[in-house]
Novice: 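Pasting a structure here, questions to come.
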Amino acid sequence: MSQQPILLPYGDPAFVADPFPLYRQLRDDGPVRRAVIAGGVEAWLVTHFDDGLAALSDPRLSSDVRDASDPRIVERLPATDRGSMLRHMLRSDPPDHTRLRRLVSQAFTARRVAELRPRVQEITDHLLDAIVPDGRGDLVADFALPLPVTVISELLGVPVEDRHDFQRWTDAMILQGPEPPDPAVVDAAWRQMRAYLTKLLEVKRAQPEGDLLSALITARGEEQRLDEDELIAMAFLLLVAGYITTVNLIGNAIVALLAHPDQLRLLRDDPELLPGAIEEFLRYDGPVNPGIARFAREDVEIAGVMIPRGATVLIASAIADRDPARFPDPERLDITRRDNAHLAFGHGIHYCLGAPLARLEGQIAIATVLRRLSDLALAVPPSELRWKPSGLRGPEHLPVTFTAGGGMRERSRPDPDDG
């Protein structure tokens, strides 16, 4: 394995559109590879599936960015509120993580998600109703984005008319290119987001309803309660994480199907393949790119490579999920693939709490698009699609043409196990 870190060229549109040839090279180089990732940060990429799976459960690898030795990691966070912004379960370790996840799990139950199915279908149909008469549309801006935004807004109790504001603030706070974001812009966005959430929580506290934020506020009365900073941080996490990756799941799945017409025909002919197809979309081209960050609490040996304390370790799910040692013919999209336990939702104690909701939305979205939009095709050459440059992978826009109706046949009844 080369000792010189390789630069991941996020400024190169060709790499952003198709990073997988370079990812394959990195995986072939060895199970652990030094690289310079977005923002100029050096990280150790874990590129093999089994090593990535083990690393995600290794207590020596922290989720807390304050364990990072590279000051640029923390400097990306808003200077005005770095402490409170980190007080959610995605960036905490036990025992704090255990307490936070238990509280959220009490409110964000499988039953609550399952009960959303009719409403998700209603929103999906409403969004497609708006574009069907035109025979063309942008399946990101018109569909894949507003669907999960509306769902998570209603679930949390956030007025859907405010979605443009929190999308704008989120875009400012999330690294979207090869260079670090402007600290002043990040600080301003976080101050506005925090002020908005503080006011919203005050309203919920005075007039609690049946939404998830009201449930989290009620949970504060228990012995293991959320304090004010934790409540704001958790509201921020659920709001942002509740939609941002699902947008990419839906967009990437549609792009993959259009690039593989045999798989598109197969799925149209047999809707029962849909749950497995969603898992294959997540494995083949998942919404997180290149993977999940951890920080070494101590010197850690992974696959024979010694990683120093404080180093950033990136469990590269986008690379590991195409590991030929784990998946036969991994570069091929195969919606009938059965043994398909991927890393797109993580693993271990930080396994994505919202995975059932993302699966539910993905299944309903893809099924409805294929049922209602026949002759679906890109309205531009594939080379003209623009992709998000780093951190999260998905098309920025997805212009398509179609004919209304005559696509995927309807399933005889909903499968309660699909979500």
Novice: Tell me the closest heavy-atom pair linking I364 and R117, and the distance in Å.
Specialist: CD1-O, 3.8 Å
Novice: Would you compute the distance between atom CD1 of I307 and atom CZ of R60 and round it to the nearest 0.5 angstrom?
Specialist: 9.5 Å
Novice: Between atom CD1 of I366 and atom OG1 of T124, what is the distance when rounded to the nearest 0.5 Å?
Specialist: 10.0 Å
Novice: Can you tell me which residue pairs pass the side-chain hydrogen bond (donor to acceptor under 3.5 Å, both in side chains) test with a partner in residues 137-155, sequence neighbours excluded?
Specialist: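 Checked against side-chain hydrogen bond (donor to acceptor under 3.5 Å, both in side chains) - neighbours excluded - the pairs reaching residues 137-155 are R119-E154, D138-H397.
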Novice: State whether a side-chain donor-acceptor pair under 3.5 Å links Y196 with D165.
Specialist: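 There is no such pair between these side chains.
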Novice: Can you tell me how far apart CD1 (I152) and CZ (R163) are? Round to the nearest 0.5 Å.
Specialist: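 The CD1 atom of I152 sits 14.0 Å away from the CZ atom of R163.
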Novice: If you count every heavy atom of other residues, nucleotides or ligands that lies below 6.0 Å from R309 atom CZ, does the total exceed 12?
Specialist: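 No, not enclosed.
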Novice: Which heavy atom of I292 sits nearest to which heavy atom of G346, and what is that distance?
Specialist: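 Looking at all heavy atoms of both residues, the closest pair is CD1-CA, 3.7 Å.
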Novice: Show the numbers, then the answer: is there a side chain to side chain donor-acceptor pair (under 3.5 Å) between N289 and Y23?
Specialist: CA-CA 11 Å; N289 175 53; Y23 287 172; 2.5 Å; yes
Novice: Measure from NZ or CZ of R322 to the centre of the six-membered ring of Y284 and say whether it is under 6.0 Å with the direction within 45° of the ring axis.
Specialist: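 Judged by the rule (NZ or CZ under 6.0 Å from the ring centre, within 45° of its axis), R322 counts as positioned above Y284.
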Novice: For F166 and Y243, which heavy atoms make the closest approach, and how far apart are they?
Specialist: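 Looks like CE1-CE2, 3.8 Å.
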Novice: Can you name the one residue among I315, L314, V32, T312 that meets side-chain contact (heavy atoms from CB on, under 4.5 Å) with W44?
Specialist: V32
Novice: What I'd like to find out is whether the side chain of L26 reaches to under 4.5 Å of the side chain of L8, using heavy atoms alone.
Specialist: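 Yes - at least one pair of side-chain heavy atoms lies under 4.5 Å apart.
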Novice: Verify, without hydrogens or angle tests, whether R337 (side chain) and R332 (backbone) share a donor-acceptor contact under 3.5 angstrom.
Specialist: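 Judged by distance alone, yes, a pair lies under 3.5 Å.
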Novice: Work out which heavy atom in A379 is nearest to a heavy atom in T401; give both atom names and the distance.
Specialist: CB-CG2, 4.0 Å
Novice: Out of D339, D50, N340, D321, which one pairs with R326 under the side chain to side chain donor-acceptor pair (under 3.5 Å) rule?
Specialist: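 When D339, D50, N340, D321 are each tested with R326, the side chain to side chain donor-acceptor pair (under 3.5 Å) holds only for D339.
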Novice: Is the shortest side-chain heavy-atom distance between D229 and R194 below 4.5 Å?
Specialist: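 Of all side-chain heavy-atom pairs linking R194 with D229, at least one is under 4.5 Å.
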Novice: Is the shortest distance from a Lys or Arg side-chain nitrogen in D129 or R372 to a carboxylate oxygen in the other one below 4.0 Å?
Specialist: yes
Novice: Could you report the tightest heavy-atom contact between L156 and D211, atom names first, then the distance?
Specialist: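 For L156 versus D211, the nearest heavy atoms are O-OD1, 3.2 Å.
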Novice: Around atom CD of E301, are there more than 12 heavy atoms of other residues, nucleotides or ligands at under 6.0 Å?
Specialist: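 Yes, the 6.0 Å shell around CD holds more than 12 heavy atoms from other groups.
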Novice: Has the side chain of S214 got a donor or acceptor atom that lies under 3.5 Å from a matching backbone atom of P208?
Specialist: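 No, S214 side chain to P208 backbone: no donor-acceptor pair under 3.5 Å.
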Novice: Mind checking the CG-CD1 spacing from L266 to I335? Nearest 0.5 Å is all I need.
Specialist: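 With rounding to 0.5 Å, CG (L266) is 4.0 Å from CD1 (I335).
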Novice: Under the criterion side chain to side chain contact (heavy atoms under 4.5 Å, CB included), I'd like the reasoning laid out for V65 against F295: C-alpha separation, chi angles, the key distance, then a yes or no.
Specialist: CA-CA 7 Å; V65 300; F295 309 97; 3.6 Å; yes
Novice: When you compare the side chain of R205 with that of L231, does any pair of heavy atoms fall below 4.5 Å?
Specialist: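 Of all side-chain heavy-atom pairs linking R205 with L231, at least one is under 4.5 Å.
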Novice: So L100 and V104, side chain to side chain contact (heavy atoms under 4.5 Å, CB included) or not? Walk me through it.
Specialist: CA-CA 6 Å; L100 294 170; V104 177; 5.6 Å; no
Novice: Under a 4.5 Å cut-off applied to non-hydrogen side-chain atoms, are E384 and P399 in contact?
Specialist: no
Novice: Got a salt bridge between D334 and R283, using NZ or NE/NH1/NH2 to carboxylate O under 4.0 Å?
Specialist: no
Novice: Looking at R27, is its backbone amide N or carbonyl O close enough to the side chain of H48 to form a donor-acceptor pair, meaning the two atoms are under 3.5 Å apart?
Specialist: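 Such a contact is found between H48 side chain and R27 backbone.
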Novice: Would you please classify the geometry between the H97 ring and the H350 ring as parallel, tilted or perpendicular, with 30° and 60° separating the classes?
Specialist: tilted
Novice: Below 4.0 angstrom, N of the basic side chain to O of the carboxylate: do D67 and R294 qualify?
Specialist: no
Novice: Taking all non-hydrogen atoms of both residues, which atom of P148 and which atom of E361 are closest, and how far apart?
Specialist: CA-OE2, 3.2 Å
Novice: Can you list the residues that meet the side-chain contact (heavy atoms from CB on, under 4.5 Å) rule with H347, with sequence neighbours excluded?
Specialist: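 Here the qualifying residues are L53, L56, S57.
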Novice: What is the distance from atom OG of S63 to atom CG of L90, rounded to the nearest 0.5 Å?
Specialist: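 Interatomic distance, S63 OG to L90 CG, rounded to 0.5 Å: 7.0 Å.
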Novice: For a 4.5 angstrom cut-off between non-hydrogen side-chain atoms, does P275 reach Q363?
Specialist: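 Yes, close enough: below the 4.5 Å cut-off.
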Novice: Before you tell me yes or no, could you show the steps for L376 and L257 under side chain to side chain contact (heavy atoms under 4.5 Å, CB included), namely the whole-Å CA-CA distance, both residues' side-chain angles and the distance that decides it to 0.1 Å?
Specialist: CA-CA 10 Å; L376 187 65; L257 286 172; over 6 Å; no
Novice: Could you pull out all residues at least two apart from P395 that satisfy side-chain contact (heavy atoms from CB on, under 4.5 Å)?
Specialist: V140, N252, V255, W387
Novice: When you compare the side chain of P159 with that of D162, does any pair of heavy atoms fall below 4.5 Å?
Specialist: yes
Novice: Is it the case that the side chain of D270 and the backbone of E272 share a donor-acceptor pair, with hydrogens and angles ignored and the cut-off at 3.5 Å?
Specialist: yes
Novice: Short question: side chain of K204, backbone of G157 - any donor-acceptor pair under 3.5 Å?
Specialist: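 Yes, K204 side chain to G157 backbone: donor-acceptor pair under 3.5 Å.
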Novice: Where the side chain of S105 meets the backbone of R101, is there a donor-acceptor pair that is under 3.5 Å apart?
Specialist: yes
Novice: May I ask you to test the L155-L357 pair for a side-chain heavy-atom distance under 4.5 Å?
Specialist: yes
Novice: Less than 4.5 Å apart, any side-chain heavy atom of L264 and any of L370?
Specialist: yes
Novice: Just how far is it from atom CZ of R268 to atom CG of L273, taken to the nearest 0.5 Å?
Specialist: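 So the gap between those two atoms works out to 14.0 Å.
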Novice: Any chance you could lay out the side chain to side chain contact (heavy atoms under 4.5 Å, CB included) test for L385 and L378, step after step, and finish with the verdict?
Specialist: CA-CA 9 Å; L385 289 179; L378 287 176; 4.2 Å; yes
Novice: Determine whether a donor-acceptor pair (N or O, by modelled atom type, separation under 3.5 Å) exists between the side chain of R393 and the backbone of G286.
Specialist: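 Not confirmed, R393 side chain does not pair with G286 backbone.
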